[in-house]
*Asks:* 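Got a structure for you, written out below as structure tokens; questions coming shortly.
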Number of protein chains: 2
Amino acid sequence: MTGTAPETARRVTSVARVVEEIRAMLRARELVPGQQVRQESLAARLGVSRIPVREALKSLEAEGVMRHEPHVGYTVTRLNADELAQVYLMRRALETEVLRALPRLSSAQLGELTRLNEAIGADVERVDVAGIVAGNQAFHFTMFGYSGLDLVVEEIDRLWRRSEPYRTVHLYDAESRRRVMREHRKMITALRRGDTEGVVTLMNAHRDLTVSDLHAALGLPPS
Amino acid sequence: MTGTAPETARRVTSVARVVEEIRAMLRARELVPGQQVRQESLAARLGVSRIPVREALKSLEAEGVMRHEPHVGYTVTRLNADELAQVYLMRRALETEVLRALPRLSSAQLGELTRLNEAIGADVERVDVAGIVAGNQAFHFTMFGYSGLDLVVEEIDRLWRRSEPYRTVHLYDAESRRRVMREHRKMITALRRGDTEGVVTLMNAHRDLTVSDLHAALGLPPS
DNA sequence: GTGCGGATTTTTGGATACGAAATGTTGTCC
DNA sequence: GGACAACATTTCGTATCCAAAAATCCGCAC
């Protein structure tokens, strides 16, 4: 992907790369909540020294993804059922604000959302779960982005990342996968009508179903 | 304050200390939005090497207080009027959730809030602005804490810190200082009645006044 | 065998020094 | 005045080293 990229190849720092690698490891469930992260081995694995790794971990700690205990080390944050519920409570509160701030969308914007949802459809056919997760995120954040509330959207992004280690579990049965697409289509319809409150309601139902899927899949983690 | 502290003297890392020092510099307006931070000079000033400084800055960057541009350096995040409004929008959304989750407070809890508000009163007499700011924060977060929604409260804390460089300006006239105390008293009264919605309304008015004070004091920053 | 206490090993926290890369600045030439 | 090249500054990243704190291991007493 870095390959021969011409101009967009923004010379990125090691730290940013390490952060992304760690996120990918979380999505791939190569790192799971509660697990301890060894600085040295992670550095060796990513081909960098310990310093950028430590900076990356500090960054993820500030974000809530990692936990740090002095002289013991970093572990992936483990959320219990109550904490996970709080993350979703915050998502509901902030996403509602963003949706209420949406202007009437142009047909180009509506077309883009439709296109993104159809891309999810293709991944559903292929049963490409990672693709569905990525596509779903793209769909939601493209919609949020139309609000113009960039700081709020960034904050929502942080909240999504915080539940990343937990979010990948659901979507295992074919029915939930198709349901996601259907609900997205309903949202697009409501947006076309300019029915903001309708979108808020749909989104809340959409999110709540994800939460209950998640609870079922996890059987509410003990700690 | 660290002094001879016996057991509670949790051996704290340099990084945590540097983060706190930077926050203090922000409160003291020794660092102002847009200003560039030189790693080496900051390290020398705080008597540490560059490593903990860089980790501290990364942490503050993830929090939104600092901005980083590769090979150029860190600068204090500068918020324009619109962005500041977004921070306050998020505060309203999340603080409302927290207040709605408040249980009926015990008389000990109500007493504690009263005590904290009276402490602010003492600082108002002394015209100790830094003390008022600290006391105000203590009052609000003690109240928020009673909700039990610790993750949401942490997030609100982050939002407060994000507007820290801007928040210290208001409270310059005697009347606003006394107004703060009066409004706090009204909130305590509403809490005693268990009137959650009343507290939400009072808090929104309280916050909005701060925002307009702030806008007036800053004359909405240009960038 | 089991539990306890101390020594060893591992890991983290931090300092220092160095090289490489990028940015910004200065000065010269046209 | 504007373009371009040399220079200084700063950041990014590595390597190496040491201290301190944890975790682990081991032997001893019971």
Side-chain angles (χ1 to χ4, degrees), chain A residues 2-23 25 30-32 34-63 65-78 223, chain B residues 2 4-23 25 31-32 34-63 65-78 223:
Chain A
T2 49
T4 56
E7 63 271 273
T8 57
R10 293 288 310 142
R11 200 102 182 96
V12 91
T13 65
S14 258
V15 180
R17 204 171 61 73
V18 173
V19 167
E20 282 316 309
E21 295 276 7
I22 295 177
R23 283 199 219 291
M25 288 168 77
E30 202 169 333
L31 281 177
V32 296
Q35 184 172 341
Q36 179 151 34
V37 175
R38 285 285 124 95
Q39 301 177 359
E40 196 111 35
S41 57
L42 188 61
R45 189 185 187 288
L46 301 180
V48 295
S49 71
R50 271 173 60 208
I51 282 98
V53 169
R54 282 171 56 172
E55 286 185 36
L57 289 171
K58 259 285 166 266
S59 182
L60 290 166
E61 184 201 8
E63 210 170 271
V65 175
M66 291 279 174
R67 266 204 183 340
H68 175 69
E69 196 179 349
H71 292 106
V72 176
Y74 290 89
T75 53
V76 181
T77 302
R78 171 184 230 137
S223 171
Chain B
T2 50
T4 57
E7 62 272 274
T8 57
R10 296 287 311 142
R11 202 95 180 102
V12 91
T13 65
S14 264
V15 179
R17 206 171 59 73
V18 173
V19 167
E20 282 316 309
E21 294 276 6
I22 295 177
R23 283 198 220 290
M25 289 169 76
L31 280 177
V32 297
Q35 184 173 341
Q36 178 150 33
V37 176
R38 284 290 122 101
Q39 301 178 357
E40 196 110 35
S41 56
L42 187 60
R45 188 183 187 289
L46 301 180
V48 295
S49 76
R50 276 174 48 219
I51 283 103
V53 169
R54 281 171 58 171
E55 287 187 33
L57 289 170
K58 259 286 166 264
S59 181
L60 290 166
E61 184 201 7
E63 209 171 272
V65 175
M66 291 279 175
R67 264 200 183 347
H68 174 70
E69 196 178 349
H71 291 104
V72 175
Y74 290 89
T75 53
V76 181
T77 303
R78 172 184 230 136
S223 173

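Keep in mind the model is a prediction, meaning the values are calculated, not measured. The sequence lines fix the lettering, A, B, ..., with proteins before strands; numbering per chain opens at 1.
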*Asks:* Choosing from D:dG13, C:dG14, C:dG13, which nucleotide comes nearest the side chain of A:Thr13?
*Replies:* D:dG13
*Asks:* Just by distance, do the side chain of A:Glu20 and the backbone of A:Arg17 share a donor-acceptor pair under 3.5 Å?
*Replies:* no
*Asks:* Taking the minimum atom-to-atom distance to the side chain of A:Ile51, which one of D:dA15, C:dT23, D:dC12 wins?
*Replies:* D:dA15
*Asks:* Please report the distance, rounded to the nearest Å, between CZ in B:Arg38 and C1' in D:dT11.
*Replies:* 9 Å
*Asks:* Taking N and O atoms by type only, does the side chain of A:Arg50 place a donor or acceptor under 3.5 Å from a partner on the base of D:dG13?
*Replies:* no
*Asks:* What is the distance, to the nearest angstrom, from the NE2 atom on A:His71 to the C1' atom on C:dT12?
*Replies:* 6 Å
*Asks:* Base, sugar-phosphate, or nothing for B:Arg54, non-hydrogen atoms under 4.0 angstrom?
*Replies:* base
*Asks:* Round to the nearest Å and state the distance from B:Glu40 atom CD to D:dT9 atom P.
*Replies:* 13 Å
*Asks:* Is there a side-chain contact between B:Gln36 and the phosphate of D:dT10, meaning an N or O under 4.0 Å from OP1 or OP2?
*Replies:* no
*Asks:* Output the rounded distance in Å from CD (A:Gln39) to C1' (D:dG13).
*Replies:* 16 Å
*Asks:* Measure from CZ on A:Arg67 to P on C:dT12 and round the result to the nearest Å.
*Replies:* 18 Å
*Asks:* Taking all non-hydrogen atoms of both residues into account, name the closest pair between A:Val53 and A:Ser49 and its distance.
*Replies:* CG2-O, 3.6 Å
*Asks:* Grab the CD-C1' distance between B:Glu69 and C:dA21 for me, whole Å please.
*Replies:* 15 Å
*Asks:* Side chain of A:Pro52, heavy atoms from C-beta onward: which of D:dA21, D:dG13, D:dT11 has the nearest atom to it?
*Replies:* D:dG13
*Asks:* Is the phosphate of C:dG14 approached by B:Ser14 (side-chain N or O, under 4.0 Å from OP1 or OP2)?
*Replies:* yes
*Asks:* Assess whether a salt bridge exists between A:Glu61 and A:Arg67, defined as any Lys/Arg side-chain N lying under 4.0 Å from an Asp/Glu carboxylate O.
*Replies:* no
*Asks:* Using a cut-off of 4.0 Å on non-hydrogen atoms, how would the nucleic acid contact of B:Val37 be classed: base, sugar-phosphate, or nothing?
*Replies:* sugar-phosphate
*Asks:* If you assign A:Val72 and A:Gly47 each to the DNA chain D nucleotide with the nearest heavy atom, which residue ends up on the more 5' nucleotide?
*Replies:* A:Gly47
*Asks:* Please tell me which of the listed nucleotides, D:dA23, C:dT12, D:dG13, lies nearest to the side chain of A:His68?
*Replies:* C:dT12
*Asks:* Could you tell me how far apart A:Glu55 (CD) and C:dG13 (P) are, to the nearest whole angstrom?
*Replies:* 13 Å
*Asks:* Rounded to whole angstroms, how far apart are CG on A:Leu42 and C1' on C:dT11?
*Replies:* 14 Å
*Asks:* Can we say A:Arg23 and A:Glu63 salt-bridge, meaning some charged N sits less than 4.0 Å from an Asp/Glu carboxylate O?
*Replies:* yes
*Asks:* For the atom pair CZ (A:Arg50) and OG (A:Ser41), what is the distance rounded to the nearest 0.5 Å?
*Replies:* 11.0 Å
*Asks:* What nucleotide among C:dT12, D:dG13, D:dC12 has an atom nearest to a side-chain atom of A:Val15?
*Replies:* D:dG13
